[in-house]
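Notes for the one structure printed next.
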Amino acid sequence: WHFYWLEDNFDGGVVEISINGGDWVDVTSVGGEFDVGYSSTLQDELAGRETFTGISGDLNSTARNTETISFGDSLDGQTV
């Protein structure tokens with residue numbers, strides 16, 4: 001689970017992955033599918049990218065802050 005409290009649309013975070021020692025890329029660019037997903041698009045540093053930004057929910061409620069990323073079998077045999 002995760003929790004974030006960031007300045008909405010200006011501060012944000014992404015989940016990136018490196019496959020077989022390659023460049024770090026957003027998990028969604030290599031087939032990763034979020035259960036819930038990014039919350040908005042940023043205007044500054046990661047301009048135009050979907051990110052986790054704003055407030056994710058109630059700090060005391062882990063159920064609202066769970067996230068899963070599924071790659072199916074697309075990463076089978078890869079070093080991640």
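A quick note: this is a predicted structure, and the numbers were derived from the prediction, not measured.
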* To do: With sequence neighbours left out, write down each residue that passes side chain to side chain donor-acceptor pair (under 3.5 Å) with Thr51, or none if nothing qualifies.
  => none

* If a pair satisfies salt bridge (Lys or Arg N to Asp or Glu O under 4.0 Å) and one of its residues is in residues 28-38, list it, with sequence neighbours excluded. => none

* **Distance in Å, Ser56 OG paired with Tyr4 OH, rounded so as to fall on 0.5 Å steps** => 5.0 Å

* Asked: Is a side-chain donor or acceptor of Thr53 paired with a backbone partner of Asn9 at a separation under 3.5 angstrom?
  -> yes

* State yes or no: are the ring centers of Phe34 and Phe52 separated by less than 6.0 Å? => yes

Between side-chain atoms of residues 71-80 and protein atoms elsewhere (two or more places apart, or another chain), which donor-acceptor pairs fall under 3.5 Å?
{"residue": "Ser74", "atom": "OG", "partner": "Phe71", "partner atom": "O", "Å": "2.7"}
{"residue": "Gln78", "atom": "OE1", "partner": "Asn20", "partner atom": "ND2", "Å": "2.3"}

* To do: For the pair Thr28 (side chain) and Gly32 (backbone), establish whether a donor and an acceptor sit closer than 3.5 Å, ignoring hydrogens and angles.
  => no

* Structure fact -> So CG of Leu42 and CG of Leu6: to nearest 0.5 Å the spacing works out to 9.0 Å

* Structure fact -> All heavy atoms of Tyr38 vs all of Val15, minimum pair found to be OH-N, 3.0 Å

* **With sequence neighbours excluded, residues passing salt bridge (Lys or Arg N to Asp or Glu O under 4.0 Å) with Glu16** => Arg49

* **Short side-chain to backbone donor-acceptor contact, Thr41 and Gly48, under 3.5 Å** => no

* **Non-neighbouring partners of Ser70 that pass side chain to side chain donor-acceptor pair (under 3.5 Å), sequence neighbours left out** => none

* Structure fact -> Asp8 meets the salt bridge (Lys or Arg N to Asp or Glu O under 4.0 Å) criterion, sequence neighbours left out, with none

* Under a 4.5 Å side-chain heavy-atom rule over Ile, Leu, Val, Met, Phe, Trp and Tyr, are Ile55 and Phe10 clustered together? -> no

